[in-house]
Amino acid sequence: MQNANKAKLSEMQRLLKIMAQLRDPQSGCPWDVKQTMESLTRYTIEEAYEVADAIANGDMHDIKDELGDLLFQVVFYAQIASESSAFSFDDVAKSISDKLVRRHPHVFANPLASEGLSDTNENVTVERTQLSDIALNAQWDAIKAQEKQLKKQRLKQDNEAIENSILDNVPKGMPALMYAQKLQKACAKVGFDWPDAAPVIDKVREEVEEIQQELDFKQRALNTGVAPLNSGVPDNQKAIEEEIGDALFAMVNLARHCKVDADTALRNASNKFANRFKGVERLAAEQGDKLDALTLDEMEALWQQVKQSSSSSVE
């Protein structure tokens, strides 16, 4: 086990050296040298999604490769920061290690545990507290509140702007579904939330009805010639977008109340659609047809075949 740890450490050291060489102004890669933290963020998000995709596909080789790509992003940021003496990769690792120990006192009750000492060491007694899920969540929130207070004190000392809203800690750059969930969860913690799913379903219906009203308004305007498409009269496309956004936000809220992760639910639904559509393509090819040569009714018939087949296989 000790040799294995050394091997892993040497590969980490190798990766850090490769990164430093890629960023060398004289002998490095021009593309890597010109990157900034800001320019890298879209690649980081892309790599995170590729990890999720590999996990969904269940290919362990791809998961390993994609995790390596994601790790490279962390190393890249750390290298850029180290060049201005802001922080190093070791600082990043220390920061998350300290945070994990700090936020899990029920696991790391003994301070020596945070140093990686084994529970089997006869000189170390590690007492773990068994907590319920409710108690764990309460403990987690209390620790995060303490951390937030310390951050405020640091910002005050540095004369930086202090966060005043419970929503200030929710990153705006998150994917939209996750951002909506985080906002709703933060508000729920202070009691700004529906008591159960029933009124949320009513809200979803209300938002969908408002979409229909905007669509009806647009159709009436076109039918009566009040607002021709190229008349210069403002249409209500922006209002339609806003109402659809409200409906999506309400659906995310409904998912949360049903203890369903909205992103996972939508991803699963999208994957199901993709698999069924591929089935339609396959059936069309077996018939010697091209999809773009079929009518919508013909494609719908193939869709129903695939849907029936997938339902039967589940049963």
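Because only heavy atoms are used, hydrogens play no part in the values below, and waters and symmetry mates are left out as well, while side chains stay in.
- Across all their heavy atoms, D263 and L177 have their closest contact at CA-CD1, 3.8 Å.
- Other residues sharing the hydrophobic cluster of I96, ordered by chain and number and joined by side-chain separations under 4.5 Å: L100.
- Other residues, nucleotides and ligands contribute over 12 non-hydrogen atoms within 6.0 Å of the CE atom of M19.
- Taking all atoms of both residues into account, the shortest heavy-atom contact from H257 to W194 is CE1-O, 3.0 Å.
- Side-chain contact annotation: D69 with Q73, donor-acceptor N/O pair under 3.5 Å absent.
- Enclosure of atom CD in E300 by more than 12 non-hydrogen atoms of other residues, nucleotides or ligands within 6.0 angstrom is indicated.
- Across D193 and A188, no two heavy atoms sit closer than the pair OD2-CB, 3.5 Å.
- Ring geometry for F273 versus F277: interplanar angle under 30°, hence parallel rather than tilted (30 to 60°).
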Between I240 and Q237, is the side-chain contact (heavy atoms from CB on, under 4.5 Å) condition met? List the steps. CA-CA 5 Å; I240 293 172; Q237 187 60 34; 4.1 Å; yes
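- When all heavy atoms of A250 and V200 are compared, the closest pair comes out as O-CG1, 3.8 Å.
- Using modelled atom types, one finds no donor on one side chain facing an acceptor on the other under 3.5 Å when comparing Q308 with Q304.
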Run R42 and E46 through salt bridge (charged side-chain N to carboxylate O under 4.0 Å, His left out) and show every step you take. CA-CA 6 Å; R42 68 186 184 95; E46 180 181 323; 5.3 Å; no
Using distance only, find each side-chain donor-acceptor pair of residues 284-294 under 3.5 Å and give its atom names and separation, not counting sequence neighbours.
unit_1, atom_1, unit_2, atom_2, d
Q287, NE2, D289, OD2, 3.1

Salt bridge (charged side-chain N to carboxylate O under 4.0 Å, His left out), that's the test. Do R14 and E11 meet it? Break it down for me. CA-CA 5 Å; R14 180 185 173 213; E11 287 300 324; 3.4 Å; yes
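- Under 4.0 Å is where a charged nitrogen must lie from a carboxylate oxygen, and between D98 and R102 no such pair does.
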